[in-house]
2 protein chains.
Amino acid sequence: MTTRTQLRAATELDRLCVDTIRMLSIDAVQQANSGHPGTPMALAPIGYVLFTRVMRHSPGQADWPDRDRFVLSAGHASMLLYSLLYLTGYGLTLDDLRSFRQLGSPTAGHPERGLAPGIETTTGPLGQGIATSVGLALGERMLNARLGDDLIDHHTFCIASDGDMEEGISSEACSLAGHLALGRLIVFYDDNHISIEGPTSLAFSEAVGARYRAYGWDVQNLGENLALDAIEDAARTAMSVEDRPSLIICRTHIAPGAPHKQDSASAHGAPLGEEEVRLTKRVYGWPEEPPFHVPEEALAHFRALRERGAELYGEWLQRVRAAGAEHPDLAHELERLSRRQLPTGWDEGVPRFHVTGTMTATRTSSHAALQWAAARVPELVGGSADLAPSTLTVIDGADDVQPGAYAGRNLHFGVREHAMGAIVNGLTLHYLRAYGSTFLVFSDYMRGSIRLAALMGVPSIFVFTHDSIGLGQDGPTHQPVEQLAGLRAMPGLAVIRPAGANETSLAWRYAIAAREHPSALVLSRQGVPTWNPAAVPDDAIERGAYVLRDSYREPHPPELILIATGSEVHICAQAADALEAEGIATRVVSMPCVENFAGQERSYRDRVLPPAVKARVSLEAASTNDWCRWVGDAGEAIGMQSFGASGPAGALYERFGLTPARVALAGRRSVRRARERGRVR
Amino acid sequence: MTTRTQLRAATELDRLCVDTIRMLSIDAVQQANSGHPGTPMALAPIGYVLFTRVMRHSPGQADWPDRDRFVLSAGHASMLLYSLLYLTGYGLTLDDLRSFRQLGSPTAGHPERGLAPGIETTTGPLGQGIATSVGLALGERMLNARLGDDLIDHHTFCIASDGDMEEGISSEACSLAGHLALGRLIVFYDDNHISIEGPTSLAFSEAVGARYRAYGWDVQNLGENLALDAIEDAARTAMSVEDRPSLIICRTHIAPGAPHKQDSASAHGAPLGEEEVRLTKRVYGWPEEPPFHVPEEALAHFRALRERGAELYGEWLQRVRAAGAEHPDLAHELERLSRRQLPTGWDEGVPRFHVTGTMTATRTSSHAALQWAAARVPELVGGSADLAPSTLTVIDGADDVQPGAYAGRNLHFGVREHAMGAIVNGLTLHYLRAYGSTFLVFSDYMRGSIRLAALMGVPSIFVFTHDSIGLGQDGPTHQPVEQLAGLRAMPGLAVIRPAGANETSLAWRYAIAAREHPSALVLSRQGVPTWNPAAVPDDAIERGAYVLRDSYREPHPPELILIATGSEVHICAQAADALEAEGIATRVVSMPCVENFAGQERSYRDRVLPPAVKARVSLEAASTNDWCRWVGDAGEAIGMQSFGASGPAGALYERFGLTPARVALAGRRSVRRARERGRVR
């Protein structure tokens, strides 16, 4: 490691490089007149040591599958990451730093995955970064168990703040990381004693190190000693601990060297101010003008990393080739996974279920479809927040993932929904196709991580069963009402509520095939009929909605359209029988994915819901807030106007009026309204 | 305490009483053929000791303000609580137990506050009960600091499960409980080694006791020794620790004595089965028939508690009278608070703001309104999840609540949104009027506790600022889009998004006056104009919507209606100016509380939105999913169809087309559509 010893020798140069990060950070925040200057200044030595001495990465190959991962969980310190990505040559330019926080710039207020190479995951909402790091570190071990040390064998580094430590999601994720003995996870804790409301001691006086030891982590405490060698030694010690994740506690000082703002909350979320910037630069012996000054020798030193990174990458390529000679299958598998390509022909022969007399819960059909997919997609892994026997998401015959045994496919997240969401995101970012399951009502506990998946465009799969009052006697605490509307309002999330076994297997195929958005599969606890597979088009989910059954008087348009999702579709079908008998030509539309249907071209939407047919009724055992869009002024949306109650499912559907009789009644009313409007014309 | 020594003597009777709880629990679950039998059996000794030996409570006075509180955080063990409430004479009957989990019965699947006396808070969603207990214990200290030991001086007892310990919300709440030194909080941890997916060791191997010590708690570990005296001694030891909350770890066995199901996951969430119930009763030497057998001497022993409770209550009344003689004001204050009556005339003189040239953020107006309310409502207390300088929710001049100093009114929750929600619920249950604040996007982190407030009908106040892309450069991770639709879909929650200073102070008055539902105040970071107070009716929030300005051609109805909320109202007003200039009679409706408007009588709704006026445009910087309801077939809903971006607020409103020009364009289109339909007629 000549490079490294050279680096260690160059202490003056080291100081210059660290200060370059600091000065770029305060200049960018000042220029934007918005942002967080104090933390990047404080964390500069840690970032510098990780990027230049510790991490095995290659700025020229940001997508190197075996690179060490770096996650800035303290996303508000984004200028630390942007400065490093510019200086080490990941592609960001000095102009990008000058346009920090401006519309269209890759240097957003918080790091956003996809805006620039080297941003591994979007951070900012506290706790998400560290929890996603647990997923990345677990994904590394799981791929390592499949592909071997030559192909995948790296670390995940994370910098977390006080806020990250306070958030419940990090407690969940780090407890699980300790249980799973994720030795490749190394977290630096930026213990700066400053929060937005003042000293952290206002609300946070626990012994963080002792808590992490209780989780089964290795804990080092550097105290105030942030000398570069001390940071490096701590990182290497942590790397030598193979059987436990590591926490390295660093007592930092926010805005170090800022004469009036060091150690003050005012340095957290606001620019230092031009005068303080000037004075700070004086303290650092830095030229006050121009801003964004980058000493040539510093830049040259950072950019040398491109060469070193290329070497490391080259050595890895050698190992891959050598391994490929022995195990070509493994090398191909790595290539396929890192390109996020699913196995050729994996989606052929999606299970089709034939009509039977019996009722089957969609969670049960989901279990069957999952087995089909798992047999074809080896990277499909997942688990539940301690509800697998109810959500039916176990991959039969596959092993559990447990401490030291990462070759399995079934994960046990414990009762930790929020961490499950972030870990599923991390696994998906690490080339796996991962799912996490719980009851739909508890999607409330994990919205923060579902939202990040949607914002990043990561195809995480969330399986939510017990999706309505149909779950019955557990009562309103467990019965979702508002969750469907809440999830559908989230941009970029496909919410899929299949009506029966055939839509359910198509839903799994759709969710696994997705490359750029997460999916939520919403499944019933109670039984529903299986619809004739011939009536369920192959593209039912992609289209979002389709005509399940129609008036006997085709090709004439129907007089009334009933629209439903999931376990309410068959209730509409029963209502349609009654209405048909009365001579009202009735169409039943199943709408398993509202947002996909909304995204169809007008001609298709008009074919399913002819604009001329104003008589419409929708039925869903949930809030009706967003159904007016489909039933229109002459229509009616039937659903839940209150929370549910504790009782058998059948009694609840009666009590809350989700019955064929009520749908038929509304249908007749709507037909009357539409006819009247017709007459007026 | 003769009563107590008598009790301690009666060991045979004790055993009979404990077994009565167990047998009632398994019979009720068997009868319902649904529920959780194993945990009530295991926890029976703890519940028995707390209710008969430790807790100061009075079954005949379930609303005694100074009663010890009991929270069954492991809500799935509801039959433990129901058995105790029946046996000790709180009012539940044996028939209520027979109708466990049936529609209309007070014995719901999980305990629901309001269904029966003695249910302090609704539990079931794991982690909520223990976090709410922190709020109850904090509320006790805060009232004690105000009213003195004679009036309020009690403990809060909680039983928590493995799942409660795994949930992030409990980590947040218990870390804060340790910081605040809540010595009156005593939690029994039911460490039964069993989770739904199998042994807890599948996912949960941390050292819970060490973690709680790290939080600053006192921890006792009873191991397997659940002898009644051991439980009682542990409770009394915990009660003697005044400066720290206490955790008592009990290694229990699920379904103890069930010959085939003890220590098995199958005893967690399903009935034992008739045969196993029979065999279990044999093990306990219990008559196999009839079910719901209650030995007379056991019932007599339990019911004796009514007398003892009446004595305790009487002694307290004496103390209150004595204290009242010295400090009548305090006694009256307790009476007022315990009846949840606000001070007479508190709501007079709500602040009205006059039109100025300057723009004012509604978060800023909120700060002013909060000061007005705080001066009139002494029980109004609250804080923020470490964002007070941004949410502007500090009560000026009031002290912080800190360890050992509970007389203050400003709370520091730390970066713990989910716990904040549950603690606010607990404080509100304990006679305070409490609020918690964060950014709107982070309402996602606390939906679980907001939902419980709505389900319980507890008037918690949630203040959410930075309510749209208008927050600007922090970017899409911090910019809410889907949150408004998600919160509005929640039954029983009043979501209020005021358009300016005058609506904001009315919103605070409304939220504080509410007795049976929580409110969410949704406020802007960016400035908005102040509307003429004469144009903002006093009942603007109660009505939910009103005509802010109208066509110059009154009384003729307008030709076009523009509907908006919050920071978008003035954009519609600007569009209206342009449209008026073109001769389109335009009405601007401000709709600060959609659900309240939806609840108005038809005549009022038709007055604000005349059915004849089909040309309508809505504008809100959020998901438009639920606006079709108000704009109808001929209208248009303008809002956000994607996540936001990082940039200055003004640039973002342009970029996403939330501008007067776009509203005017849509207005003209809508007028054209409406005219065409008119012509058709």
Side-chain angles (χ1 to χ4, degrees), chain A residues 34 101-103 108-110 124-126 163 166-169 171-172 175 179 195-197 202-207 210-211 214-215 386-388 412 414-416 418 444-445 447-448 455 473-477 482 485-486 489-491 623 625-626 628-629 632-633 642-643 646-647 651 680-681, chain B residues 34 101-103 108-110 124-126 163 166-169 171-172 175 179 195-197 202-207 210-211 214-215 386-388 412 414-416 418 444-445 447-448 455 473-477 482 485-486 489-491 623 625-626 628-629 632-633 642-643 646-647 651 680-681:
Chain A
S34 154
R101 292 183 153 235
Q102 299 316 303
L103 194 50
H110 295 79
L126 290 170
E166 289 175 86
E167 289 285 6
I169 182 177
S171 302
E172 294 176 2
S175 173
H179 170 75
S195 70
I196 291 175
E197 293 184 1
L202 279 173
F204 191 51
S205 52
E206 64 173 60
R211 169 156 68 100
Y215 290 146
D386 194 38
L387 286 172
H412 297 280
V415 188
R416 304 179 178 109
H418 204 174
D444 280 354
Y445 275 43
R447 274 184 73 91
L455 181 57
Q473 298 177 298
D474 275 345
T477 55
E482 68 276 31
M490 191 183 289
S623 156
N625 285 9
D626 48 357
C628 47
R629 173 172 185 188
D633 294 354
S642 70
F643 288 111
S646 177
V680 176
R681 297 195 173 160
Chain B
S34 154
R101 290 185 154 233
Q102 300 315 304
L103 194 49
H110 295 80
L126 290 170
E166 290 176 85
E167 289 285 5
I169 182 177
S171 301
E172 294 176 2
S175 172
H179 169 76
S195 70
I196 290 175
E197 293 183 1
L202 280 172
F204 191 50
S205 52
E206 63 172 60
R211 169 156 69 99
Y215 290 146
D386 194 36
L387 285 172
H412 297 280
V415 189
R416 304 179 179 109
H418 204 174
D444 281 353
Y445 275 43
R447 273 183 74 90
L455 181 57
Q473 298 178 295
D474 275 345
T477 54
E482 69 275 32
M490 191 182 289
S623 158
N625 284 11
D626 47 356
C628 47
R629 173 172 185 187
D633 292 354
S642 70
F643 288 112
S646 177
V680 176
R681 299 194 174 158

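Here is the naming used below: chain letters follow the sequence lines, and residue numbers restart at 1 for every chain. Bear in mind that the values here come from a model prediction, so they are computed numbers and not experimental data.
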For [Y], is there any backbone N or O sitting under 3.5 Å from a side-chain donor or acceptor partner on [X]?
{"X": "E166(B)", "Y": "G414(A)", "value": "no"}
{"X": "D633(A)", "Y": "D633(B)", "value": "yes"}
{"X": "Y445(B)", "Y": "L126(A)", "value": "yes"}
{"X": "H110(A)", "Y": "D474(B)", "value": "yes"}

Closest approach of [X] to [Y] (non-hydrogen atoms, all atoms of both residues):
{"X": "A489(B)", "Y": "N625(A)", "answer": "CA-ND2, 3.6 Å"}
{"X": "P125(A)", "Y": "T477(B)", "answer": "CD-CB, 3.7 Å"}
{"X": "V415(A)", "Y": "G163(B)", "answer": "CG2-CA, 3.8 Å"}
{"X": "L202(A)", "Y": "H179(B)", "answer": "O-NE2, 2.9 Å"}

Given the options [options], which has more heavy-atom pairs under 4.5 Å with chain B than any of the others?
{"options": "G448(A), S205(A), G475(A), A651(A)", "answer": "S205(A)"}
{"options": "S195(A), S642(A), A210(A)", "answer": "S195(A)"}
{"options": "E206(A), E197(A), R447(A)", "answer": "E197(A)"}
{"options": "R629(A), R211(A), R416(A), Q102(A)", "answer": "R416(A)"}
{"options": "G168(A), A485(A), G486(A), S171(A)", "answer": "G168(A)"}
{"options": "G109(A), G647(A), A203(A)", "answer": "A203(A)"}

> Is any side-chain heavy atom of E482(B) less than 4.5 Å from a side-chain heavy atom of P491(A)?
Replying inline: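 In contact.
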>> A side-chain contact here means heavy atoms from C-beta on lying under 4.5 Å apart; do H418(B) and E167(A) qualify?
In response: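 No, every pair of side-chain atoms sits at 4.5 Å or beyond.
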>> Need one label for S623(A): side chain, backbone, both or neither, based on atoms under 4.5 Å from any heavy atom in chain B.
In response: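 Answer is side chain: those atoms of S623(A) sit under 4.5 Å from chain B.
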> For the atom pair CD1 (I196(A)) and CG (D386(B)), what is the distance rounded to the nearest 0.5 Å?
Replying inline: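 Those atoms lie 5.0 Å apart.
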